[in-house]
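Note sheet for the following structure.
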Amino acid sequence: MMKSVLIANRGEIACRVIRTARRLGIRTVAVYSDADADALHIRLADEAVHIGPAPTRESYLVGDKIITAAKQTGAEAIHPGYGFLSENAEFAQAVMDAGLIWVGPLPKSITAMGLKDAAKKLMADAGVPVTPGYMGENQELDHLKAEADKIGYPVLIKAVAGGGGKGMRLVEQAADFLDALASCKREAAASFGNDHVLIEKYILSPRHIEVQVFGDSHGNVVHLFERDCSLQRRHQKVVEEAPAPGMDEATRAELCAAAVRAAKAVDYQGAGTIEFIADGSEGLRADRIWFMEMNTRLQVEHPVTEEITGVDLVEWQLRAASGEPLPKRQDELSINGWAMEVRLYAEDPTKGFLPSIGRLDVFDYPDHLVRVDTGVEEGAEISPHYDPMIAKLIVHGDTREEAIADLRFALDEGECGPLITNAGFLYRVLGDEQFAAGTVDTGLIGRKLEELTTRPEPSVEGLEMAAAALIGGGRGPWASSAGLRLNAPGKRQMRLADQFGRDFTVELGEPMDGPPRREIALNEGGERLVLKPWRAVGGADGGVGSGSILAPMPGKVIAVEVAAGETVTKGQKLLTLEAMKMEHSLTAPFDGVVQEVNCTAGDQVQVDALLAKIDTE
Ligand code: ADP
């Protein structure tokens, strides 16, 4: 077994790898950028090396700096985590050329699966069913259009180099194809430096089912069953579970056997995932499940597999990379119970999932019930430089019902703030009836987005408790003013305001012990409301929204859709901002006329920069 490992990553996955390495007595070396000088992964590791400024292109993505850091600290191996350099074959090769152990598959396996089109061809040859579509070299626009017409709409355009749900466009009808193609190619060129695309038949009632595979350097490959990641928003996973609801033994056996064939076809070593897409319109059937792609690394959602199999996948990675055979044979692996994971993000679902940068003063989940995989602690900042994931919350239950109930309980009981999170959204998603019934598909969240992203009113009991806590033990301002007796139930009302500009009126009941407070946080259903006496905030803002279009975060303007003098309607797209690796549309808050546009495509803008102004006339 290796004696030391450098983790070429940050955040929760760096912490996750360090934890297992330490348990195995392996010395750990962390790397960090300027933005991560105080990060948790630095403190958990035995040693840490600074590798540059915050932008990933100058730090976490610079292979040379990472290899030098490993050499300097005498680390024997490099674990890439996920993202960053994890699926970069040249880096893997450079690590090996430097005489270090690469904790991952052989570079040739990464390359074989690296581009979606080549991988699909290879899999078809290996007898793995693939999604019908066009995966050819000819990238002329007219040719691609003709192929899409031939496949029949709806189709999905995918960047061959894409990943993480980016570089993909659904096209419902022929008339929209060329626009979608242009936008997909633009995003692909910007994000992946490769604008080639493939076209796939869009599967109706699609379910995302993936199989965890594992190989060693002795030619053994096993699978660790499936995960269902169908609950997605814009092709990004929101909830993951294992096993997949409605999967029968025969279908599972066939699917997992195909996954093992796929892994063997590329001499796979280490942890990998074969992603399939299933047409779930009539339940899961082996003849309606097709290969989509292989991820040649550990996945974000690997913990659900760990929970149902009892295997520590990072331990297996470190053992396999050290040349050991797999710790278990296929017939020694089985499924125990049900596991589920949600991704807790610093983002505001009520504002189009805008990343919410800021402090994490409170971060507290009932960890006897839920496994919290995170890279942050209370007091940390969520940095605008990286993915705004705060944590993964993972539960294991005897049944699916139990897993859902436990996870909802954890979200309800837990607290995370003051930055805005998607916890309430997750709580509502997990409470969806269709989800509970197991009839999931990748469009479920999209179809119910409105209701899932609406912040509900707090409960009357919650507000009453908050009001009582604000007033305190009867000696606060309310007790002395107006000469009314606080203890007479139902006789007094109090108006509270939350941080979102809403206000609520409650009847005051029994006062609570303790001094009066300026504000109190009410946690319910994953939502964290910071309540204050309405008077204290000068009343809620009832006015019409401002027509000033401000940059919600620092970023780059990539398209301006309107000009000064133009009439716009509420919701109309004004411009597109690229920030935190995603495109954000800024839209008109009401019907009106564009007064000014202060930016052009290509501009770098700061947060709150006035990009445009709309007026009603
Ligand atoms: P990425 O590499 O960006 O994760 P994938 O190819 O894995 O992209 O696809 C991501 C998601 O997009 C899938 O989980 C699925 O929900 C959806 N998807 C992909 N291909 C299809 C298809 N042919 N039909 C319907 N949905 C699809």
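Just follow the structure's listing: the first ligand is 1, and inside any ligand the first atom is 1. Bear in mind the structure is a predicted one, so any value in this text is a computation, not a measurement.
Shortest contact from atom 17 (C) of ligand 1 to any protein heavy atom: H235 ND1, 3.5 Å. Among protein heavy atoms, atom 16 (O) of ligand 1 sits closest to Q232 OE1, 2.7 Å. Looking at atom 24 (N) of ligand 1, its nearest protein heavy atom turns out to be I203 N, 2.8 Å. The protein atom (non-hydrogen) at minimum distance from atom 3 (O) of ligand 1 is G165 N, 2.5 Å. Here the heavy atom of the protein found nearest to atom 8 (O) of ligand 1 is K116 NZ, 3.1 Å.
Using bins of under 30°, 30° to 60° and over 60° for the plane-to-plane angle, the ring pair H41/Y60 lands in the tilted bin.
Ligand 1 is never approached by Q236 to a heavy-atom distance shorter than 4.0 Å.
Looking at T131 against ligand 1, only its side chain comes within 4.0 Å, counting heavy atoms.
Under 3.5 Å, the side chains of E12 and Y82 contain a donor-acceptor pair of N or O atoms. Under 3.5 Å, the side chains of T296 and E87 contain a donor-acceptor pair of N or O atoms. Between the side chains of R207 and T442, not a single donor N or O lies within less than 3.5 Å of an accepting N or O.
Residue K351 places its NZ atom among 12 or fewer non-hydrogen atoms of other residues, nucleotides or ligands, all under 6.0 Å distant. When the shell of 6.0 Å around NZ of K145 is examined, it contains more than 12 heavy atoms from other residues, nucleotides or ligands.
Within the listing of ligand 1, atoms 3 (O) sit less than 4.0 angstrom from a heavy atom of K166. Near K158, the atoms of ligand 1 lying under 4.0 angstrom from a non-hydrogen atom of the residue are 6 (O), 19 (C), 20 (N). Atoms of ligand 1 lying under 4.0 Å from at least one heavy atom of I277, given by number and element, are 18 (N), 20 (N), 21 (C), 22 (C), 24 (N), 25 (C), 26 (N), 27 (C). For ligand 1, the atoms sitting less than 4.0 Å from at least one non-hydrogen atom of H208 are 13 (C), 14 (O), numbered in the order shown with element in parentheses. Interface atoms of ligand 1 facing E200, defined by a heavy-atom separation under 4.0 Å, are 20 (N), 21 (C), 22 (C), 23 (N). Per-residue contacts place M168 under 4.0 angstrom from the following atoms of ligand 1 (heavy atoms of the residue considered): 3 (O), 8 (O), 9 (O), 10 (C), 12 (O). Ligand-side atoms of ligand 1 in range of T442: 16 (O), range being under 4.0 angstrom from any heavy atom. Close approach of ligand 1 to E275 is summarised as follows: ligand atoms under 4.0 Å from at least one heavy atom of the residue are 7 (O).
With H223 as reference, Q330 is the one residue of Q330, Q212, R252 to meet the side chain to side chain donor-acceptor pair (under 3.5 Å) rule.
For ligand 1, none of its N or O atoms has an N or O atom of P206 under 3.5 Å away.
Looking at E341, its side chain never comes within 3.5 Å of a backbone N or O of L393 through a donor-acceptor pair. In this structure, N9 contributes its side chain and P80 its backbone to a donor-acceptor pair below 3.5 Å.
Two rings, from Y134 and H143, have their centers less than 6.0 Å apart. Ring centroids of Y153 and Y202 are separated by 6.0 Å or more, keeping the two rings apart.
Between atom 19 (C) of ligand 1 and the options K201, E293, M292, M294, the minimum heavy-atom separation is to M292.
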